[in-house]
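Structure first, commentary second.
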2 protein chains.
Amino acid sequence: MTRRAKATAAPSPWSSQSERERERAAKREAVLRTAARLFNTRGYHATSLDEVATALNVTKPTIYHYFANKDEILFECTRRGLDAIIEASRRTAAQGGSAAERLRGVLTVYALTMMDDFGICVARTQDHLLSEPSRQQFRALKREIDALIRHLVVEGGVDGSVQVRDVRIATFTAAQALNGLGNWFNPEGPMTAPEVADQVVQTLMAGLTGRGAATD
Amino acid sequence: MTRRAKATAAPSPWSSQSERERERAAKREAVLRTAARLFNTRGYHATSLDEVATALNVTKPTIYHYFANKDEILFECTRRGLDAIIEASRRTAAQGGSAAERLRGVLTVYALTMMDDFGICVARTQDHLLSEPSRQQFRALKREIDALIRHLVVEGGVDGSVQVRDVRIATFTAAQALNGLGNWFNPEGPMTAPEVADQVVQTLMAGLTGRGAATD
DNA sequence: TCTTTTTGTTACCCGTTGGTATACGAGTTA
DNA sequence: TAACTCGTATACCAACGGGTAACAAAAAGA
C-alpha cells in the first residue's frame, strides 16, 4: 500500500488534490444518504439540517460547507434516484429482444430503484418542495423517464408485443404503480425487493401485453 | 320557504339552534375545501393558516373557532376523500355481477374520487404529516379500502373472473396506480376525469383478469 | 517556519408560523 | 336594559429552523 516516490506513473503534485476532491465527494454522498433516509422517514420539512448534521457527528455549518442550501440537498437526493433509473433504463432499452421484453427490463429496473433510499426520495418528493430551478430539472428528468417508457410502449405497439389503448394512460399507469413502491415496500416484509419488483412488473405487463397474468 | 310559526311539526325553540349548527357545519366544510385546494397546490407545510383564512375573507382565529389545530384540518380533508371512496365502494361492492365486474366498479369510483380536491389531498398526504392519533385513523381508513379491494380480488379468484398470482401485490398495484391519479390528472388536459378513470381502470383490469387490453 | 486553504465550530440572527389572550359587536333571551 | 352567547378581529407570543459571521485548528505548500 505504501506508494514509493517515483514508482508508479506520475506521482504528481496533483495527487493530493485529487485525493481531496475524492474525499469531499465521499462526504457529499454521505450527507445525501443520511439526508435521504431522514427525509424518507420524517419528511422533508420535519427534518432539520441540525438533525442531519447530528446524525453525521457534525454541525450544521459543516453541511453548508458542502451544499449551498437545503433545497440543493433534496434535489441531489432525487437526482441520484432519477439518474439511476435513466442510466439503467438506457442500457436495458438498448439491448436486444422484443419491445415487450425490453419494457419489462426497464420497468424492473425502475421498480428496484424505487425501493432504495434515493428512489424512495423520488417517490415522496412533491415538486413544490423544490425551488423553481431545481423543480425544472426535477421535472425534466422525470419527463425523460416517461419518454423512455413511452417510446418502448409505442415500439411494442408496432412490433405487436404490446397492446394498449392509449399510450399516455398505459405509461402513466405503470409508472405510478412503480412509484407507489417507494411508499409501500417494507424491507422487513415477507418478500425481498427483487421478488416484489418481479411480481409487480408481471402484473403490469399482463395489462400491457394482453397476455394475462401467468398463474403457472 | 317561509316557515310559519306553528305550521310544521315542532316549531320548537331549538330551531334556531339547529340552524346555527347547520351554518357552522357549512363553514367547516368551506374551510376544508379551501384548505384542501391550497394544500394540494402549495403543499401542507407551505400553506399557512393565514393564507387559508385570507382565502376565506377571514382571519386566523376564526379558523381556530372551527378547528382545534392545523392537523385536524388536514385529517378532516383526507377523511372526506377516504370516506367517499369507502362509502361508494361499499355500495358498488354490494351490487350484483361477477367479482370482476364489481371490482371494476370499485376501482372506477376510487379513480374518480382521486381526482377531486379531497382525493388529491389523500394521495398527497404522507402520513408523517399527521399527528399520531390522526395518523392512526388515517391508516385505519386506508386499510379499510385495501381490505375492500383485496376481498373482491379474492372473490374473483374463486369465481374465476380474476386471475392474479399474489393478491397483496395485485391489490397494491391497482391502488397505487389509482393514487397516482391524484398527482397526475390535470382537469385542463385533453381527457375528462371519467374518461381517464375508465381508461386506467381498463388497463388495470386487463392485468387482473388476464383478458388483455381491449383494443376495439 | 510561515502562509494559505480546508474543514470544522460556536454563537447568533431573523423570518415564518402555529397558536392564544383578549376584546368587541351583534343577535338572543329575560 | 342587562346578561349571555357566538363569531370574529387585533395584537401578541414562543419556538423552530434556515442561514450566516467569525473564528479555530489542522493540513498543505513554500
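Sequence lines set the chain letters: A, B, ... in the order given, protein chains first and strands last, and positions in each chain run from 1.
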- Between C/dT20, C/dT7, D/dG7, which one does the side chain of B/Y66 approach most closely? D/dG7
- Message: Could you check whether any side-chain N or O of B/R42 sits under 3.5 Å from a backbone N or O of B/T47, counting only pairs where one atom can act as donor and the other as acceptor?
- Response: no
- Taking atom P of D/dG17 as reference, at what distance in whole Å does atom CZ of A/R42 sit? 11 Å
- Are A/T62 and C/dT9 close enough that a side-chain N or O sits under 4.0 Å from OP1 or OP2? yes
- Return the nearest nucleotide to the side chain of B/L49; candidates are D/dG18, D/dA9, C/dG19. C/dG19
- 5' precedence on DNA chain D between B/K27 and B/K60 (nearest-nucleotide basis): B/K27
- Message: Distance check needed: C/dT7 P versus A/R28 CZ, whole Å only.
- Response: 12 Å
- Rounded distance (Å) that lies between atom C1' of D/dG7 and atom NE2 of B/H65: 5 Å
- Can you name the nearest heavy-atom pair linking A/Q176 to B/G180, along with the distance? OE1-CA, 3.1 Å
- Query: Which of the following nucleotides, D/dG19, C/dG19, D/dA9, is nearest to the side chain of B/V58?
  - Reply: D/dA9
- Task: Establish, with yes or no, whether the OP1 or OP2 oxygen of D/dC6 is under 4.0 angstrom from a side-chain nitrogen or oxygen of B/R24.
- Result: no
- Over how many whole Å does the gap from A/I63 atom CD1 to C/dT7 atom C1' extend? 14 Å
- Return yes if some donor-acceptor pair links the side-chain N/O of B/K142 with the main-chain N/O of B/Q137 below 3.5 Å, else return no. no
- Message: Ring-plane angle category for B/Y44 and B/F39, please: parallel below 30°, perpendicular beyond 60°, tilted otherwise.
- Response: perpendicular
